[in-house]
Number of protein chains: 2
Amino acid sequence: MVAKQNTQQKILDAAQSLFAETGFNDTSLRQITSAAEVNLAAVNYHFGSKKELIQAVLQRYLRVLMARLDQEFSRLLAAQQPNNLTQVLAVFVKPLLELNSVHHNGTRIFLQLLGRGYTDVQGHLRWFINHHYGRVLDKFVLLVQQSCPQLPASELFWRLHFSLGTVVFTMASNEALAEIAQADFSEEVDIEGVIQRLLPYLAAGIAAPVYSRSNPQQQLRSGT
Amino acid sequence: MVAKQNTQQKILDAAQSLFAETGFNDTSLRQITSAAEVNLAAVNYHFGSKKELIQAVLQRYLRVLMARLDQEFSRLLAAQQPNNLTQVLAVFVKPLLELNSVHHNGTRIFLQLLGRGYTDVQGHLRWFINHHYGRVLDKFVLLVQQSCPQLPASELFWRLHFSLGTVVFTMASNEALAEIAQADFSEEVDIEGVIQRLLPYLAAGIAAPVYSRSNPQQQLRSGT
DNA sequence: CCCAAATTTAAACAGGTGTTTGAAATGTAC
DNA sequence: GTACATTTCAAACACCTGTTTAAATTTGGG
């Protein structure tokens with residue numbers, strides 16, 4: 001009656017790495033099952049379809065990450081005065097790094113998967129996350145709003161998506177970037193290092209002064 | 001002797017839109033040729049292979065963009081004193097918008113293609129651009145370096161790639177973001193508007209204060 | 001031990017992919 | 001108008017995709 005955990009686990013483990021490296025659409029079930037050393041039909045038997053396998057791979061991380069983020073967000077929302085932006089962003093670090101307890105290199109793999117999901121199968125992951133975890137993310141938006149009260153809502157919307165893009169792209173091309181950094185600056189880069197480099201960049205970008213045509217001081221077009 | 005321009009043009013026009021919307025790998029030659037109303041074999045006859053078609057689609061824009069950027073970069077490099085970062089970044093605006101003369105909606109299409117190229121076929125486009133236009137881009141890096149002399153080279157490397165990620169991801173998900181912005185803020189968004197919103201974000205991110213463990217004022221981890 | 005449920009397996013399925021082929025059609029120069 | 005090169009076309013190629021099937025195997029409870 002009890003399902004044999006081993007095969008499902010082997011599939012999930014093999015799938016997540018291949019998905020992270022090659023993308024969802026460009027990874028075939030045959031690659032996955034042969035890496036996992038299980039029969040081709042096992043994916044459809046245990047998960048139903050490739051689509052459901054992708055969801056299972058993501059859910060394994062999203063479930064624990066979102067629960068932890070929810071805690072942190074609620075904690076910060078309970079504070080008397082608004083938290084500063086850097087504090088709000090830094091709240092992601094621990095929950096993300098704790099994904100390493102879900103699986104070896106879990107943080108890196110999850111972030112790469114996130115990158116793949118937002119770019120590969122346009123819209124699906126965005127919808128999925130918003131549908132399942134929208135309530136959690138709303139808390140985050142509220143926190144950022146409190147820490148940047150001068151920022152119009154529409155400007156905040158765009159800047160948060162810019163930030164999502166920064167993270168997601170960086171993680172999707174993580175390997176390439178790490179290789180170049182190593183070659184050009186003999187700099188060993190782990191996922192934690194990248195996150196620490198990302199935070200100041202994101203915080204400054206989100207809190208940047210708002211462009212205004214009536215303020216020539218921050219005019220953006222090159223002078224005529 | 002002279003090749004019939006019309007078929008090649010029809011293929012390029014149909015291909016660029018489909019590539020931008022669906023990605024390179026997820027767009028089939030049959031979709032392209034039937035949208036272009038030409039025979040399936042025409043792609044291989046005129047371009048050799050799908051890979052070469054992708055390159056041709058990109059090159060149509062890259063050639064004119066890079067030539068224009070090269071001009072602008074050289075102009076700024078000739079200045080006596082270092083240009084400020086916002087001026088350096090703003091230099092992209094005009095050349096990008098001029099891509100609309102290559103093709104209707106050329107700017108949007110090119111930027112979406114760029115997004116696809118950097119995420120779909122991992123590494124290929126990055127290599128291609130560096131190989132063909134590395135000299136031009138080096139000028140840009142030099143300009144940024146001059147405008148942010150306090151920034152270590154390795155930090156600059158990461159932040160420029162963060163910025164690339166911001167742009168590329170924003171453009172790849174351009175349609176989705178524009179739809180949401182319209183729905184939530186009844187805000188009509190064109191490509192120029194997005195670019196104008198991007199610049200302050202990028203400028204602030206690139207010039208952000210460098211994180212340092214010995215400077216507790218900008219400590220990033222949430223307190224224990 | 002035995003039987004039924006759960007799992008694994010090899011094989012085939014229908015459909016899609018990029019590419020190649022050789023004949024038909026078109027265009028071009030003399 | 002004939003001869004030649006260029007371009008189009010339908011058909012087939014070999015291969016890969018996710019999924020299904022039905023038989024073989026393994027598993028666990030009575």
Residue pair A/Gln31/A/Gly48 against DNA chain D: nearer the 5' end by closest nucleotide is A/Gln31
Aromatic ring proximity B/His124/B/Phe128, centre distance under 6.0 Å: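 B/His124 vs B/Phe128: aromatic centres not under 6.0 Å.
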Please tell me whether B/Phe140 and B/Phe92 form a close aromatic pair, meaning their ring centres lie under 6.0 Å apart. yes
Mind calculating the distance between [atom1] ([X]) and [atom2] ([N]) to the nearest angstrom?
X	N	atom1	atom2	answer
A/Glu37	C/dT7	CD	C1'	18 Å
A/Asn25	C/dT17	CG	P	12 Å
B/Asn6	D/dT6	CG	C1'	15 Å
A/Ile11	C/dT7	CD1	C1'	11 Å
A/Asn44	D/dT19	CG	P	5 Å
A/Ile32	D/dG18	CD1	P	8 Å
B/Tyr45	C/dA25	OH	P	17 Å
B/Asp26	C/dG16	CG	C1'	13 Å

Any side-chain heavy-atom pair of A/Lys94 and A/Leu97 under 4.5 Å: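 They are not in contact (no side-chain heavy atoms under 4.5 Å apart), so the answer is no.
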Check: A/Thr166 and B/Tyr201 side chains under 4.5 Å, non-hydrogen atoms: yes
Does a side-chain N or O from [X] land closer than 4.0 Å to OP1 or OP2 of [N], or not?
X	N	result
A/Asn39	C/dA10	yes
A/Ser28	D/dC16	no
A/Thr7	C/dT8	yes
A/His46	C/dT8	yes

Categorize A/Ala41 for me: base, sugar-phosphate, or nothing, with a 4.0 angstrom heavy-atom threshold over every strand shown. base
When all nucleic acid strands are considered with a 4.0 Å heavy-atom cut-off, which category describes B/Thr27: base, sugar-phosphate, or nothing? sugar-phosphate
Identify which one of A/Arg60, A/Met171, A/Gln16 satisfies the side-chain contact (heavy atoms from CB on, under 4.5 Å) criterion when paired with A/Leu113.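 Result: among A/Arg60, A/Met171, A/Gln16, A/Gln16 is the only option passing the side-chain contact (heavy atoms from CB on, under 4.5 Å) with A/Leu113.
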Nearest-nucleotide wise, let me know which of B/Leu29 and A/Leu40 is further upstream toward the 5' end of DNA chain C.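 By nearest-heavy-atom nucleotide position, the 5'-most residue is A/Leu40.
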So, does the side chain of A/Arg30 form a donor-acceptor pair with the base of D/dG18 at under 3.5 Å? yes
